[in-house]
Amino acid sequence: MDLNLANKVYIVTGGAKGIGAAISKTIVAEQGIVVIAGRNKKDNQAMVDEIVKSGARASYVTAELSKVEACEEVIDFTIEKYGQIDGLVNNAGKNDGVGLESGTPEKFFQSLHENLGHYYNLAHFALPHLKKSQGNIVNIGSKVAVTGQGNTSGYAASKGAVNALTREWAVELLPYNIRVNTVLPAEVWTPLYENWINSLPNPEEKLAQIVAKIPLGKRMTTAEEIADMTVFLLSSRSSHTTGQIIFVDGGYSHLDRSL
Ligand code: NAP
């Protein structure tokens, strides 16, 4: 199946690591051009070098996305460099453990800036360009939006809002033929996940417990499996799909817990 991404330009936030890196690589494997927006210059450079070495096209902007100006810069850079934006993948985020009891009001709002604000800001600044290209938006959500986890109010509020905004933006952007969808992972092995599991008292035991509860295959979802769905949704092959929250999680969030 040709996804028709050739010479189209896609912004991927957090596109140098974990799920974002898999999305960046999948886009360029389909002949698209990727602009990575992330806060770690070394990671950004390494990913772009790897992509360019393979003969594909990619650039990066080093940006702490919790800052509004940084989001505007990402869009300006992309337009200056390539003249168009065909899709935005809002992916950067972190389960930062700001709990109701353990957190503070300041930490809660900081978590919203780091996990949610830039989803809106980038979509807002990209909109005039997405209108021109009739491009689309894919958000990366989290199971925490629908299952709760405990001790992570900021992240849960952000991901809950991402689900709501997916429907809200899908409606607002109907007149422009801009589609908006969310891919929702549960348990994906990435640097973020590895850090989180290692922060627990018995990481190996905890990991085995989690994996045993993933219905399909009793295994973690791969970053590539999230990337495949994301890139399909970015492509014109999903041209009548909008406002959807698609769980790529081996059945973890919905299937019977006794399985
Ligand atoms: P990851 O391995 O940590 O990669 C995320 C990338 O985004 C990193 O490069 C990170 O930079 C960057 N980033 C995060 N916040 C940023 C910010 N405010 N400004 C600029 N760059 C930022 O994480 P991942 O596991 O791939 O997660 C990607 C997305 O999937 C997140 O939205 C996460 O919530 C969601 N998700 C993941 C899982 C899972 O099991 N892994 C499950 C559900 C949802 P640093 O390295 O500097 O932090």
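The analysis underlying the following values was restricted to heavy atoms, covering all of them including side chains, and did not include hydrogens, waters or symmetry mates. First listed ligand is number 1; within each ligand, the first listed atom is number 1.
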Exactly which residues line ligand 1, taking a heavy atom under 4.0 Å from it as the test? Gly14, Lys17, Gly18, Ile19, Gly38, Arg39, Ala63, Glu64, Leu65, Asn91, Ala92, Gly93, Glu114, Tyr119, Ile140, Gly141, Ser142, Tyr155, Lys159, Pro185, Ala186, Glu187, Val188, Thr190, Pro191, Leu192, Tyr193
When Ser111 is tested against each of Leu116, Val98, Thr152 for side-chain contact (heavy atoms from CB on, under 4.5 Å), which residue passes? Val98
Checking side chain to side chain contact (heavy atoms under 4.5 Å, CB included) for the pair Lys143/Lys159: CA distance, chi angles, key distance, verdict? CA-CA 8 Å; Lys143 70 160 204 283; Lys159 293 303 191 183; over 6 Å; no
Holding to ring-ring contact (aromatic ring centres under 6.0 Å, His included), I want the full list of residues that pass it with Phe109, two or more places apart in sequence or in another chain. none
In terms of heavy-atom contacts, does NZ of Lys213 have more than 12 from other residues, nucleotides or ligands at under 6.0 Å? no
Under 3.5 Å, which donor-acceptor pairs link side chains of residues 10-22 to any protein atom two or more places apart or in another chain?
residue: Thr13; atom: OG1; partner: Val89; partner atom: O; Å: 3.4
residue: Thr13; atom: OG1; partner: Asn91; partner atom: N; Å: 2.7
residue: Thr13; atom: OG1; partner: Ala92; partner atom: N; Å: 2.9

The complete set of salt bridge (Lys or Arg N to Asp or Glu O under 4.0 Å) pairs with one or both residues in residues 68-90, sequence neighbours excluded, reads none
